[in-house]
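Everything on this sheet refers to the single structure shown next.
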Amino acid sequence: MITSTSPVDTKSNKFEKLKQEKDGLAVKHQLDEFARIGWESVGETDLNHRLKWLGIFFRPVTPGKFMLRLRTPNGILTSKQMQVLAEIVDRYGEDGNADITTRQNLQLRGIRFEDIPDIFRRLESVNLTSIQSGMDNVRNITGSPVAGISADELIDTRELVQKVQDMITNHGAGNPEFSNLPRKFNIAIEGGRDNSVHAEINDVAFVPAYKNGALGFNVLVGGFFSAKRCEAAIPLNAWVAPNDDVVDLCRAILEVYRDSGLRANRQKARLMWLIDEWGIEKFRAKVESQLGRPLATAALADEIDWDKRDHIGVYPQQQPGMNYVGLNIPVGRLYASDMFDLARMAAVYGGGELRLTVEQNVIIPHVKDAHLDAFLQEPLLEKFSVNPNPLARSLVSCTGAQFCNFALVETKNRAIALVKELEAELDIPQSVRMHWTGCPNSCGQPQVAEIGLMGTKVRKNGKTVEGVDIYMGGKVGKDAHLGTCVTKGIACEDLKPFLENLLIENFGAKKKV
Ligand code: SRM
Ligand code: SF4
């Protein structure tokens with residue numbers, strides 16, 4: 001096991017050195033002291049890096065107003081949890097909000113440093129944690145957003161996702177066994193036929209598959225996006241039953257990655273680079289030996305045979321007389337009043353539960369037939385529609401320049417404004433999946449979109465201005481594959497006519513008369 005004292009290859013990499021000097025999780029025990037002395041007095045490495053092991057992100061764009069990234073396994077929250085989160089951000093007035101992320105998760109904004117110990121106590125009181133949600137840790141584990149409620153479900157992913165998180169985080173207490181990985185690590189567990197989690201872009205993904213008549217998972221490994229390279233996951237040639245074998249396999253893969261993953265060059269530290277170096281057969285053999293038992297070979301085919309659903313609208317559940325309702329949250333941005341309303345609506349009309357999606361939307365499950373009409377009259381649905389316009393419906397955006405110091409462009413606000421203008425001028429026959437990302441790190445996943453927009457800087461009339469590279473061809477669901485860059489360097493001020501043409505030529509849009 002690599003701990004903060006183990007010798008690891010630290011050459012030319014400040015992150016390996018800082019982990020070696022002090023484990024990221026160690027700041028957990030310094031929080032009260034940090035809150036007392038104030039963020040300005042916290043050492044640079046703790047402030048900018050180690051606090052991310054607790055999900056606390058110093059934002060150079062808004063110094064003193066921190067971001068807190070939670071863990072919401074399988075994207076599930078209770079009304080009570082949402083209410084507590086609303087109370088936390090409400091305190092910060094205009095600075096306070098929450099973003100639903102592309103990993104089915106929530107990030108709170110505007111957080112004042114001195115409040116963090118109290119916020120952590122409040123999170124703990126409702127069984128929420130932000131532990132190990134940033135830096136070289138396993139990120140929020142995604143699962144089918146309609147697990148346990150979809151009439152067409154194959155495997156209910158909820159308990160499995162929770163068990164994997166508990167193994168990795170030691171039930172939320174923090175786990176030094178997995179706090180020093182070579183780099184970030186993404187895990188997804190799909191339980192339906194539509195690949196709702198984007199299995200192909202995760203370091204490890206489980207997709208439903210029958211083997212000898214038994215339902216379990218085929219396993220994919222090595223998917224990732226980075227500024228340098230993007231790869232879809234490849235088959236491990238392994239099948240596991242939908243039980244603790246999933247947890248054991250995640251552990252074995254993480255141990256192999258932790259102990260043998262490349263560390264010297266951070267650009268080459270994601271799992272796929274190790275698989276490249278070893279070859280998939282050697283990687284599989286190493287995982288098997290770590291697991292201590294043979295892996296079953298993969299089933300011949302998986303069960304991903306649908307297009308991806310967006311879950312916006314009203315859908316009958318597997319439970320008779322019950323419905324789940326998907327609300328479109330424009331680019332995932334929530335304010336305290338929205339969160340209070342969502343918590344209340346889930347409690348009053350539903351079963352006191354909310355779900356988040358990787359498309360940055362919200363699902364409220366367990367709405368009885370008899371309560372649907374009243375639910376659909378709620379004023380919040382004017383803002384968060386159950387029947388949005390075709391571009392707004394599938395719009396996804398990363399954080400961008402408003403809060404992220406990597407950003408080359410403003411994203412969320414621009415994305416919403418542009419979609420409104422396009423919808424005002426065009427009749428668009430079907431939803432078009434547009435994903436914005438503010439820089440090549442690809443947090444907004446432009447490679448999975450029908451039209452992806454990646455922030456860049458462009459020279460125009462002798463000046464440097466905000467622009468985008470355009471990606472197209474991303475396919476999700478069955479036969480998912482990544483889109484590629486088709487046009488480089490469109491200045492944002494020229495984007496509207498460019499996108500209008502693209503929508504007319506490729507997606508059947510027509511100018512309104
Ligand atoms: Fe990301 C770094 C936001 C999903 C690839 N990502 C960052 C940081 C932490 C940079 C920073 O410190 O400012 C961003 C925080 C900005 C902020 O204030 O919000 C950030 N990433 C996000 C979120 C919030 C985008 C969103 O608006 O939804 C997503 C949070 C997910 C979560 O809940 O944990 C988010 N990031 C992703 C994804 C998508 C995914 O996981 O499906 C990717 C591509 C997939 C992948 O990782 O393989 C992604 N983020 C990155 C990278 C490039 C990683 C690499 O291997 O090079 C970075 C940069 C890094 O880690 O050095 C990064
Ligand atoms: Fe920030 Fe770039 Fe990620 Fe957007 S893609 S959140 S700009 S790091």
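If you're wondering where the values come from, they're calculated on a predicted model, not measured in any experiment. Computation of the quantities below employed the complete heavy-atom set of this structure, encompassing side-chain atoms and omitting hydrogens, waters and symmetry-equivalent molecules. Ligands are counted one by one from 1 in listed order, and the atoms in each one are counted from 1 as well.
Contact annotation for K228 and ligand 1: no heavy atom of the residue comes within less than 4.0 Å of the ligand. At a heavy-atom cutoff of 4.0 Å, ligand 1 is contacted by the side chain of Q360 but not by its backbone. Residue contacts with ligand 1 for N186 involve side-chain atoms from C-beta outward but no N, CA, C or O (heavy atoms, distance under 4.0 Å). Looking at H198 against ligand 1, nothing comes within 4.0 Å, counting heavy atoms. Using a 4.0 Å cut-off between heavy atoms, Q267 makes no contact with ligand 1 at all. With a 4.0 Å heavy-atom cut-off, ligand 1 is reached by the backbone of S226 and by its side chain too.
At the top of the distance list for atom 47 (O) of ligand 1, counting protein heavy atoms only, stands K184 NZ, 2.7 Å. The nearest heavy-atom contact from the protein to atom 42 (O) of ligand 1 is Q445 NE2, 2.9 Å. Considering only non-hydrogen protein atoms, atom 6 (N) of ligand 1 sits nearest to C443 SG, 3.1 Å. Closest to atom 9 (C) of ligand 1 among all protein heavy atoms lies F57 CE2, 3.5 Å. For atom 60 (C) of ligand 1, the nearest non-hydrogen atom of the protein is R183 NH1, 3.5 Å. Of all protein heavy atoms, the one closest to atom 28 (O) of ligand 1 is T102 N, 2.8 Å. Scanning the protein heavy atoms around atom 3 (C) of ligand 1, the nearest turns out to be R69 NH2, 3.6 Å. Remark: minimum distance from atom 56 (O) of ligand 1 to any protein heavy atom is reached at R270 NH1, 2.8 Å.
Residue G134 places no heavy atom under 4.0 Å from ligand 1. At a 4.0 Å cut-off, not a single heavy atom of D99 sits close enough to ligand 1 to count as contact. A heavy-atom separation below 4.0 Å is found between R109 and ligand 1. A heavy-atom separation below 4.0 Å is not found between R266 and ligand 1.
T411 contributes a side-chain N or O that, together with a main-chain N or O of C398, makes up a donor-acceptor pair within less than 3.5 Å. H481 contributes a side-chain N or O that, together with a main-chain N or O of G473, makes up a donor-acceptor pair within less than 3.5 Å. Although no hydrogens or angles enter the test, the distance criterion places no donor-acceptor pair under 3.5 Å between the side chain of T157 and the main chain of G191. Between the E353 side chain and the T78 main chain, no donor and acceptor come within less than 3.5 Å of each other. The main-chain N or O of P208 is never found under 3.5 Å from a side-chain atom of R193 such that the two would form a donor-acceptor pair. Checked by atom type and distance alone, the side chain of S150 never pairs as donor or acceptor with a backbone atom of A147 at under 3.5 Å.
A side chain to side chain donor-acceptor pair (under 3.5 Å) check over residues 52-61, counting only residues at least two apart or in different chains, returns nothing.
When all heavy atoms of L154 and E303 are compared, the closest pair comes out as CD1-CB, 3.5 Å. The minimum heavy-atom distance linking E177 with R258 is given by the pair O-NH1, 2.9 Å. Residues R69 and S133 approach most closely at O-OG, 2.8 Å, considering heavy atoms.
A salt bridge links E159 with K163: at least one charged nitrogen is closer than 4.0 Å to a carboxylate oxygen. Salt bridge status for K475 with E450: absent, with no side-chain N to carboxylate O gap under 4.0 Å. Look at R393 and D310 and you find a salt bridge, because one of the NZ, NE, NH1 or NH2 atoms lies within 4.0 Å of a carboxylate O, short of that distance. Using a cut-off of 4.0 Å between Lys/Arg side-chain N and Asp/Glu carboxylate O, R263 and D136 are scored as not salt-bridged.
Annotation: N441 places no N or O atom under 3.5 Å from an N or O atom of ligand 1; distance criterion only. In terms of N/O distances under 3.5 Å, ligand 1 is approached by R103. Looking at N140 next to ligand 1, no N or O pair under 3.5 Å apart turns up. Remark: ligand 1 and S133 share no N or O pair separated by less than 3.5 Å (distance only, no angle test). Checking only distances, T101 does come within under 3.5 Å of ligand 1, N or O to N or O. Between F225 and ligand 1, an N or O atom pair is found at a separation short of 3.5 Å. The shortest N or O to N or O distance between R59 and ligand 1 is below 3.5 Å.
With L327 as the partner, the side chain to side chain contact (heavy atoms under 4.5 Å, CB included) test is satisfied by one option alone out of L354, I363, L342, N361: L342.
Ligand-side atoms of ligand 1 in range of I201: 42 (O), range being under 4.0 angstrom from any heavy atom. Short contacts between ligand 1 and F224, defined as distances under 4.0 Å to a heavy atom of the residue, involve ligand atoms 48 (O). Each of the following atoms of ligand 1 lies closer than 4.0 Å to a heavy atom of C404: 13 (O), 16 (C). Under a 4.0 Å criterion applied to the non-hydrogen atoms of Q107, ligand 1 contributes the atoms 17 (C), 19 (O), 24 (C), 30 (C). Against a heavy-atom cut-off of under 4.0 Å, T399 is close to the following atoms of ligand 1: 16 (C), 17 (C), 18 (O), 19 (O), 24 (C), 27 (O). Contact atoms of ligand 1 toward S397: 27 (O) (distance under 4.0 Å to a heavy atom of the residue). The atoms of ligand 1 that sit less than 4.0 Å from any heavy atom of S442 are 43 (C), 44 (C). For ligand 1, the atoms sitting less than 4.0 Å from at least one non-hydrogen atom of N405 are 13 (O), numbered in the order shown with element in parentheses.
Applying the ring pair (Phe, Tyr, Trp, His ring centres under 6.0 Å) rule to Y471 yields no partners; only residues at least two apart in sequence or on another chain are considered. Residues passing the side-chain hydrogen bond (donor to acceptor under 3.5 Å, both in side chains) test with E114: none are found, sequence neighbours excluded.
Separating the CZ atom in F113 from the CG atom in L51 is a distance of 5.0 Å, to the nearest 0.5 Å.
Between the side chains of D115 and Y92, a donor-acceptor pair is found at a separation under 3.5 Å. Side chains of T72 and N105: a donor-acceptor N/O pair is present below 3.5 angstrom, by distance only.
For F185 and Y257, the gap between ring centers is short of 6.0 Å. For an aromatic pair to be called close, the ring centres must be under 6.0 Å apart, and F34 with W39 fails this.
Taking a cut-off of 2.8 Å, the protein N, O or S atoms nearer than that to atom 3 (Fe) of ligand 2 are C443 SG.
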